[in-house]
Every structure is written in structure tokens, then in C-alpha cells.
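Right, one structure below, let's go through it.
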Amino acid sequence: MPPLLTLSSSPVLPPRARFRVSASADVGATGRAAAASNGFPPFLPRAVERIRDGAALRLAKRIERVPVQTGFSKSPIPSSCVRPLKQQQSADPVVLLHGFDSSCLEWRYTYPLLEDAGLETWAVDILGWGFSNLETRPPCDIVSKREHLYQFWRSYIKRPMVLVGPSLGAAVAIDFAVNYPEAVSKLIFIGASVYAEGTKDMTRMPKFVPYAGVFVLKSLPLRLFATRLAFYKIPDGLFDWVQIGRLHCLLPWWEDATVNFMITGGYNVINQIKQVKQKCLVLWGEDDGIISNKQAYRLQQELPSAILRQVGQCGHIPHVEKPREAAKHVLDFLEGDSLDKADQASSLSSTLVST
């Protein structure tokens, strides 16, 4: 899902209980049994069976929940992700985040390409979105998102990673890398939404207003509009892509988690950009209708060490619209860095031999 476009407070919000009954029914016992029988994890909403996109279905079957213990939750949070088929030590793992109000299914086309290229690839759902179990309603503000990702990294990845952030996920990645530089070796930003100033503090606003906003955010008309706006070429399977993009919204805690994020201010990382120390790739669709590619040049200039690559005839989400090109830019960036290290090692070896 692209960055939040406009949240209107005019619709009247139905009682929250009605939301939860509907959402709970969608992941009820019957739905869990049906999903499990078709190879899907039992916690996915029953609507996954209506999806026709083969890549999305294959990745959905690999989603799992792993326990992540945080300081703000008494019990571990069952956290959704796609794990690599095998872990390796020869190269840094690549960890794929997603955009605002999205899920790891955003990587359905590019994930297999990176994995086939031999990368240890993870797709991780940001706390509050995706398919984690948030039944206990943990906080989903930026501090909690940051700690949750750190504890996930500390428990399962355990070594410096290449962190990939598309759209608002770029703000998540910058915030994380500045606070935990030891966990990140390199950064890749795709259509980065990093110059917004958050949603401001909405804690004093009547609760029905943000809940009205997320009611609209979940609606099919807004999702259809946002999906059309996000791509240079309208996909043939537009409605199927909308269904994939809103599948996580059918979980019963989605409204509460999204409202909690919104009312606590959201991301504002403008002052953190110049603090990033890692080498970065800035990747952008030349025809991005969500965030102007002028911001790509600005971001490249403000980051201490960054290269810029653009994808022609492509909108806001290159890893969905042009997955092969997006994967090639990622691989070239990582391989180029590896070659630089090899050249440095060879030069050092030659120096030692000559002395």
C-alpha cells in the first residue's frame, strides 16, 4: 500500500464490535481449517483463497510466525515473516521490509529472484501491519516498531544485514539504522517516503476520528485508487493486487494497531538522514506518481554514501511492477560492494607480499 494519501473524517464509523465480528469471522475455525488444508498457514484470513496471483499464493504458503520477546509486551509476539530456505555465512543476509500498511506479500515477485540468486533473504512484517498476532494489542508506535525489529534481528538474524525499505519502510529502515548501526551493513531505499513529517500528535483527538480514517483506508474504493496511482501501467490483475494488498486488514486487530500508530505521530526521519553511516542504494521509479523522483536526488545528496538508480516506465513500487530490474539493481549494488572488498583485500595482500 502506498503512503497514506488522504484520511477523511467524514464517514460515520460503525461500532468497533461490528468490525471485530466481521474480521474474526474471516479467520474463524472454519477458515483456519480450510486454509490449512490448502497449504496456507492457518492464521491467514480466509480471503487468501480468493487470490489468483500465483506468486502471491506461493509466498503466502511460506509465511510463518516466530516468537519475538520485547520489553513492552509481557509475552512473546508471534511475528510474521518469510524465512530463507537456508541460512549462510558467506554474505550478509538481506532483510526486506514493506511500505505503509502492507505486508511481506509486497515482495511476491522479487523475493524469489533474490533467493534464486543465492542471497539469504528474509521478508519481515513491520509490527502493526502484516500477519503477526497482535491479539494482546501491543503498542505500535515507532519506538515499539523499532524495538520489535531489533529483537527479531537479535533472535533470528544475529549478524549485520542489508536492510531494504520501500516507501514508508525506508523511514523505518533509517530510524532503525541510526539507532542500531551495528545491526545494519548496508541500506537500500525504494521510492523512499522519508520527507513527510508524520501524522502529528493526535492523542487528544476524539477516538472516532482516526477510526473513521482507517475505515476509509481499508475500503476497496480507496485501495483501488491508491493501487492505480502507484503503478505506471495499470496491471491486468488490478483487483487481485488490491485483494493482496488489503489481506492483512482483515485481521481483527488491524484497526487498533493502525490507529495506535497514527495517533502517536508516525515517522519523521528528516533529521536522521544525514546520520546514516552505511553505504546506500536509492532506487526509484522514473514515473513515480506517489513521490516525485526529485526526492530521489535530494536523498542521494543528503546521504553520506549513496548511489542512485532509476527504473524506466515504472511507478512507486518497482519491486512489484518491474521485479527483474529491481532485483538486478539490488544484486549489482551488493556484488559491486563485494568486488570493492575483494579489490581492497587483493591490494592489501599485494602490499604485504611486497614488504
Side-chain angles (χ1 to χ4, degrees), residues 3 90-99 106-107 109-111 113-114 117-122 160-178 180-196 232 267 269-288 290-347:
S90 59
D92 293 342
V94 176
V95 177
L96 309 172
L97 303 178
H98 53 74
E106 187 176 304
W107 290 98
Y109 302 130
T110 304
Y111 185 100
L113 298 175
L114 299 177
L119 298 180
E120 178 187 324
T121 310
W122 300 70
M161 59 183 169
V162 179
L163 191 57
V164 185
S167 196
L168 190 69
V172 178
I174 287 174
D175 175 74
F176 183 85
V178 168
Y180 298 110
E182 72 279 8
V184 181
S185 59
K186 287 174 279 292
L187 286 159
I188 299 175
F189 306 122
I190 304 176
S193 176
V194 295
Y195 291 110
Y232 172 76
Y267 280 93
V269 298
I270 296 173
N271 294 327
Q272 292 178 295
I273 292 172
K274 293 181 180 179
Q275 299 177 43
V276 171
K277 305 301 182 186
Q278 295 85 353
K279 183 178 289 187
C280 303
L281 168 64
V282 177
L283 185 61
W284 222 277
E286 284 186 350
D287 301 281
D288 191 333
I290 302 288
I291 303 176
S292 168
N293 64 1
K294 291 180 181 179
Q295 292 196 15
Y297 295 101
R298 177 182 173 185
L299 182 59
Q300 181 198 18
Q301 292 299 315
E302 292 186 1
L303 287 165
S305 177
I307 60 172
L308 171 63
R309 297 291 182 266
Q310 298 204 57
V311 181
Q313 296 185 328
C314 183
H316 185 58
I317 318 178
H319 52 295
V320 176
E321 190 167 10
K322 295 285 186 75
R324 292 190 179 280
E325 290 187 43
K328 184 179 185 306
H329 284 302
V330 169
L331 292 169
D332 287 348
F333 172 65
L334 298 180
E335 288 173 4
D337 193 55
S338 297
L339 290 173
D340 289 345
K341 288 181 179 178
D343 289 343
Q344 290 172 8
S346 176
S347 176

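Bear in mind the structure is a predicted one, so any value in this text is a computation, not a measurement. Sequence positions, counted from 1, serve as the residue numbers for this chain.
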So does Gly315 get a backbone contact from the side chain of Glu321, meaning a donor-acceptor N/O pair under 3.5 Å? yes
On a heavy-atom basis, the closest approach of Leu97 and Gly169 is CD1-O, 3.9 Å
Would you say Gln272's side chain and Val178's backbone share a donor-acceptor pair under 3.5 angstrom? no
Please determine whether the number of non-hydrogen atoms from other residues, nucleotides or ligands lying under 6.0 Å from atom CD of Gln275 exceeds 12. yes
Enter the distance from Leu308:CG to Phe189:CZ here, rounded to the nearest 0.5 Å. 12.5 Å
Close side-chain approach of Leu299 to Tyr195, heavy-atom, < 4.5 Å: yes
Work out which heavy atom in Pro323 is nearest to a heavy atom in Thr110; give both atom names and the distance. CB-OG1, 3.4 Å
So Pro318 and Glu325, do their side chains get closer than 4.5 Å, heavy atoms only? no
Smallest separation among heavy atoms of Ser193 and Ala170, with atom names: N-CB, 4.4 Å
Cation-pi check, Arg309 onto Phe333 ring (under 6.0 Å, within 45° of axis): no
Identify the heavy atoms of Tyr232 and Gln313 that sit nearest to each other, and give their distance. CD2-O, 3.4 Å
Quick one: does Trp284's side chain have a donor or acceptor within less than 3.5 Å of a partner on Gln295's backbone? no
Measure the shortest side-chain to side-chain distance between Pro304 and Lys277 over non-hydrogen atoms and say whether it is less than 4.5 angstrom. no
Nearest 0.5 Å, please: how far is SG in Cys314 from CG in Asp287? 8.0 Å
Between Lys186 (side chain) and Leu281 (backbone), is there a donor-acceptor pair under 3.5 Å? no
Side-chain donor or acceptor of Asn293 paired with backbone N/O of Ala296 under 3.5 Å: no
When rounded to the nearest 0.5 angstrom, what distance separates CG in Leu113 from CZ in Arg324? 5.0 Å
Find the distance between CD (Gln278) and CG (Leu303) and round it off to the nearest 0.5 Å. 10.0 Å
Test your reading of the model: is there a side-chain donor-acceptor pair from Tyr111 to the backbone of Thr121, 3.5 Å cut-off? yes
Can you find a heavy atom in the side chain of Val330 that is under 4.5 Å from one in the side chain of Val164? no
Any donor-acceptor pair under 3.5 Å from Ser185 side chain to Met161 backbone: yes
Of all heavy-atom pairs between Val269 and Ile174, which one has the smallest distance, and what is that distance? CB-CG2, 4.1 Å
How long is the gap from CD1 on Ile190 to NE2 on His98, to the nearest 0.5 Å? 13.5 Å
Heavy-atom side-chain contact between Val162 and Leu119 under 4.5 Å: no
Mind listing the closest non-hydrogen atom pair of Asp288 and His316 along with its distance? OD2-ND1, 2.8 Å
Interatomic distance, CD1@Ile307 vs CG@Leu283, rounded to 0.5 Å, equals 9.5 Å
